[in-house]
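The sequence lines fix the lettering, A, B, ..., with proteins before strands; numbering per chain opens at 1.
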Amino acid sequence: MNEQNTIVEQPTSFAFTLENMERVKNHIAKYPDGKQASACMPLLDLAQRQHDGWLPRAAMDHVAEVLDMPPIRVYEVATFYTMYNLKPVGRHHVQVCTSLPCWLRGSDEIVKRCNEVTGTEFGKTSNDGQFTMTETECLGACVNAPMMQIGDDFYEDLTPDDVERILNALKNGETIKPGPQNTRHGSEPVGGLTTLTQGAAKGEGS
Amino acid sequence: MRLSESNNMTKLTIDGQEVEVEAGVSVLQACESIGIEIPRFCYHERLSIAGNCRMCLVEMERAPKPIASCAMPASEGMVITTNSPKVRRMRQSVMEFLLINHPLDCPICDQGGECDLQDQSIGYGFDKSRYTEEKRIVEDKYMGPLIKTSMTRCIQCTRCIRFAREIAGIPDIGTIGRGEHLEIGTYVEKALTSELSGNLVDICPVGALNSAPYSNKARSWEMRNTESIDVMDALGSAIRIDSRGNEILRIQPRLNEDVNEEWISDKTRYACDGLNKRRLDQPYVKRDGKLQPATWPEAFDAIAKQLEGKDGSKIAALAGDQADVESMTALKDLMGSLGSQNMDCRGEGWALDAAQRASYIFNTTIAGIEQADACLLVGTNPRIEAPVLNARIRKRYLMGGFSVAAIGPNVDLTYKHQNLGAGPQSLHEIAEGHGEFAQVLENAERPMLIIGMGAIERGDGAQVLSLARLIAERYGMVVDGWNGFNVLQTAAARVGGLDVGFVPQQGSLGHGGIVAGAANGDIHTVYLLACDDFDSAALENTFVIYQGHHGDRGAHVADVILPGAAYTEKTATYVNTEGRVQLSSRAVFPPGDAREDWTIIRALSDVLGKRLGYDSAPQLRSRMAEINPVFAAYDTVSPAAWGTFGESGNLVDLPFTSNIENFYMTDPISRASQTMAECSDVFVTQTHGGKTGTNG
Ligand code: SF4
Ligand code: FES
Ligand code: FES
């Protein structure tokens with residue numbers, strides 16, 4: 001990781017927009033007086049959204065100031081969670097899960113196809129600035145493995161062809177429905193229900 | 001649950017032994033109370049508990065998993081096992097994991113020989129590694145000119161983070177990243193702006209944070225350790241001087257709960273390289289307008305010749321900030337036998353009243369700060385005047401229920417406080433009971449006041465003292481069993497000098513009078529005893545005898561130089577700001593022909609035909625006790641009687657400032673120190689905008 005060692009051109013200042021400042025107030029209001037530091041994570045997220053998907057140091061310092069925290073406490077949070085990007089990302093941030101369940105279900109193929117379509121690889125941004133690829137640990141959607149997250153959305157039950165379709169659509173500015181890319185509904189069994197097929201089950205032994 | 005007899009005691013069993021401990025202590029402390037040592041890395045008794053190294057694991061009955069004894073409060077009926085084979089295996093496993101990413105470079109590491117990791121791996125480490133994968137490498141971090149980092153050695157115990165945040169009050173260090181990638185650092189590269197940063201070196205259990213100036217100088221076992229007392233400020237912190245041959249390589253803190261706990265300031269620790277530079281190692285006598293090397297008899301002769309047939313009452317003596325009590329006593333006696341009482345040890349602080357001990361010491365005592373519930377600072381910046389004492393105020397602040405306000409410089413003291421204003425007006429307001437903070441003092445049960453030398457070393461010092469006394473009296477700061485009136489001295493010599501009466505008698509000249517008298521010819525000879533911090537240019541036309549250890553300001557105007565010993569080179573008495581009489585120890589010999597200070601004066605008295613009546617240090621010390629009984633008891637403080645001091649009158653409307661401008665350069669030793677010069681460059685010149693570090 002070592003984000004702190006990567007040389008990135010940093011903007012000199014950052015401030016929440018008036019609109020976001022309202023949101024900041026709402027977040028802070030959720031916590032008891034004097035415990036405003038609890039709002040650190042939502043504020044960092046807000047700052048990241050305001051700043052093209054990544055957090056420059058100025059933004060972290062701004063959050064520290066707004067929350068009256070020593071800046072280092074904010075840096076600690078921002079470097080701990082992988083959801084905060086400390087260097088610029090492309091228009092689409094593609095995070096592919098490679099943890100065990102996804103890997104067993106073929107995440108290697110997914111990654112390969114991602115690389116081919118985006119023309120870049122984990123940890124890098126494509127030349128056209130469209131895609132940044134990041135390898136992630138389990139994103140908690142193993143039941144629909146393999147999967148990837150793009151922006152805020154999960155795309156699940158992927159085949160390499162699905163990946164190609166999705167990424168190309170995004171490249172062309174289209175949107176694709178998130179969720180399972182096969183016929184499945186949510187995380188129900190693939191071929192229809194296999195249990196509880198006859199109405200409500202009766203409890204045993206009572 | 002069964003309650004033991006007394007409610008705040010808890011009974012538990014450790015390794016089959018019944019133990020009774022105070023409620024609230026951890027299992028680790030309970031073990032320690034019966035002499036069972038628990039290995040640990042992250043736990044430190046003066047820091048909050050992190051519980052992250054897992055080295056302190058023990059077994060607890062009915063617990064499915066081992067527990068971290070540092071983080072587990074001892075509770076009634078617990079059954080703890082610390083010596084089973086299982087515990088041993090657990091510790092071995094923890095050790096193995098800790099060493100996975102440790103470079104094992106002990107042979108080139110300064111911590112080698114005094115490293116917790118090394119020591120504990122003797123007990124719990126394997127002799128072979130089973131780890132064949134790649135180790136991780138961590139980039140070193142910049143933490144200022146005093147700390148050398150080797151972050152690959154770090155075991156992420158987070159002690160340094162907690163020290164910076166809790167004790168030093170500079171929350172600049174943190175954990176960056178996560179898991180395998182976690183690193184300790186400041187994220188944004190910067191020097192740690194703390195006067196206590198050197199303590200990180202002691203706090204770090206491994207060799208990740210080491211002393212930069214001491215880097216690759218020695219191995220810990222080659223050095224001789226001498227337990228002594230610091231004189232870089234007026235706290236008299238307990239130190240250990242580590243020397244090899246006749247060279248002092250480093251200074252470390254020693255435990256003294258009453259004074260410095262286990263901390264020392266960066267100046268105390270790092271100014272010691274100044275002890276090897278610009279030293280006066282032989283006598284000098286001015287001939288043909290130039291100081292030339294001389295022998296001791298030649299130097300003494302020059303003095304005898306100067307004094308021959310001259311009026312003895314026109315000699316004067318000034319003692320400096322690091323003079324020891326023995327030499328001041330000897331010089332005082334010599335002056336008396338020559339017929340002069342023109343002497344002063346107070347510098348600009350002439351308003352200090354030697355007759356009232358309570359008026360010039362820190363009556364509350366340093367440990368007593370923890371009992372106070374409100375504190376008013378007047379004309380002081382304790383953060384640079386006495387960093388370790390400031391840490392004690394911060395400690396009290398962190399306990400809660402303690403308000404601090406300051407009249408004087410508006411600075412970051414590392415704890416929240418209110419600045420009531422810069423000048424005498426604000427002091428008057430408090431004295432008259434106006435304002436919010438007056439109310440706080442009113443309601444406080446044990447209020448205290450700390451008045452700095454910056455408020456006393458001014459023309460109206462006596463009036464300031466008098467007003468401060470009235471404030472102390474008004475708010476009940478001086479009652480039975482509590483004295484909240486405190487003078488924070490900045491010179492190690494001051495209280496001792498006042499105690500032994502190195503001040504003018506009625507009708508004789510004090511500091512100001514001596515300097516003026518020297519300028520206009522009323523004084524023909526001035527004896528400077530390690531006295532540098534005043535406008536010495538006024539002495540150009542006077543015969544000046546300079547006795548001291550550094551070629552500093554005083555030596556520049558001297559006609560005769562008598563080379564003395566620095567504090568590490570003599571066994572001598574110093575009295576700290578609390579009035580605690582302490583003895584330093586000689587760690588090395590003074591360089592060249594230099595001699596222990598009181599012996600120089602004793603030898604000179606012989607040449608002048610005024611032989612002083614003591615031939616040994618013990619005899620001299622009984623003479624001191626004869627002058628003032630406080631010198632009969634070392635290492636304790638006894639309460640001083642309250643009395644009237646100061647002079648009523650108007651205060652000059654000038655803001656109070658600290659008497660120290662540059663923490664890193666306050667005396668001949670720190671001014672000669674390369675390390676202090678670097679610090680001054682990094683912290684004073686750069687951060688405070690272009691000030692030069694020449695103030696004393
Ligand atoms: S640098 Fe030293 S004190 Fe700080 S976390 Fe690492 S091992 Fe602990
Ligand atoms: S392993 Fe991929 S989402 Fe859980
Ligand atoms: S000493 Fe208990 S976990 Fe580190």
Side-chain angles (χ1 to χ4, degrees), chain A residues 1-14 33-37 40-41 44 47 54-87 95 97-100 122-123 134-139, chain B residues 48 50 52 101 134-144 147 149 151-152 154 156-194 197 200 394 398 400-401 412-416:
Chain A
M1 194 177 351
N2 280 350
E3 261 87 355
Q4 71 268 33
N5 300 334
T6 320
I7 296 153
V8 168
E9 208 176 306
Q10 295 271 351
T12 50
S13 69
F14 173 94
D33 262 1
K35 304 281 179 204
Q36 74 286 357
C40 183
M41 293 184 62
L44 284 173
W54 71 286
L55 278 173
R57 218 183 84 206
M60 296 187 266
D61 289 343
H62 184 60
V63 169
E65 201 186 308
V66 170
L67 296 178
D68 192 20
M69 293 166 77
I72 184 77
R73 299 281 94 85
V74 177
Y75 307 150
E76 286 183 320
V77 173
T79 57
F80 185 87
Y81 293 101
T82 51
M83 291 81 112
Y84 300 118
N85 304 314
L86 301 179
K87 48 186 183 185
Q95 307 185 60
C97 170
T98 58
S99 289
L100 189 64
F122 281 150
T134 302
E135 180 174 30
T136 68
E137 302 299 331
C138 177
L139 287 168
Chain B
S48 62
N52 59 17
N101 275 317
E134 267 177 49
K135 292 191 177 222
R136 80 178 197 145
I137 304 282
V138 181
E139 213 175 282
D140 292 344
K141 308 287 185 292
Y142 174 75
M143 291 197 186
I147 308 222
T149 68
M151 298 316 281
T152 304
C154 168
Q156 292 141 11
C157 68
T158 70
R159 274 188 187 185
C160 53
I161 299 177
R162 285 172 285 145
F163 174 85
R165 180 163 68 184
E166 293 160 20
I167 310 285
I170 45 144
D172 288 341
I173 316 180
T175 53
I176 303 301
R178 162 186 196 170
E180 168 84 3
H181 305 288
L182 186 137
E183 297 184 3
I184 303 290
T186 49
Y187 191 73
V188 182
E189 182 166 289
K190 66 168 168 193
L192 297 174
T193 45
S194 168
S197 66
L200 286 170
R394 180 176 156 79
L398 289 179
D412 176 7
L413 293 173
T414 71
Y415 38 85
K416 276 213 180 86

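- Interface residue A/Met60: only side-chain heavy atoms are found under 4.5 Å from chain B.
- In this structure, the side chain of A/Lys87 does not engage the main chain of A/Asn85 through any donor-acceptor pair within 3.5 Å.
- Looking at B/Ile161, only its side chain comes within 4.5 Å of chain A, counting heavy atoms on both sides.
- Side chain of A/Gln36 to main chain of A/Leu67: a donor-acceptor pair is present (N/O by atom type, distance under 3.5 Å, no hydrogens or angles).
- Without hydrogens or angle criteria, B/Asp172 side chain to B/Leu192 main chain gives no donor-acceptor distance under 3.5 Å.
- Counted by atom type alone, A/Ser99 and A/Glu137 present one or more donor-acceptor pairs between their side chains at under 3.5 Å.
- Contact count versus chain A (heavy atoms, under 4.5 Å) is highest, among B/Val188, B/Thr186, B/Leu182, for B/Val188.
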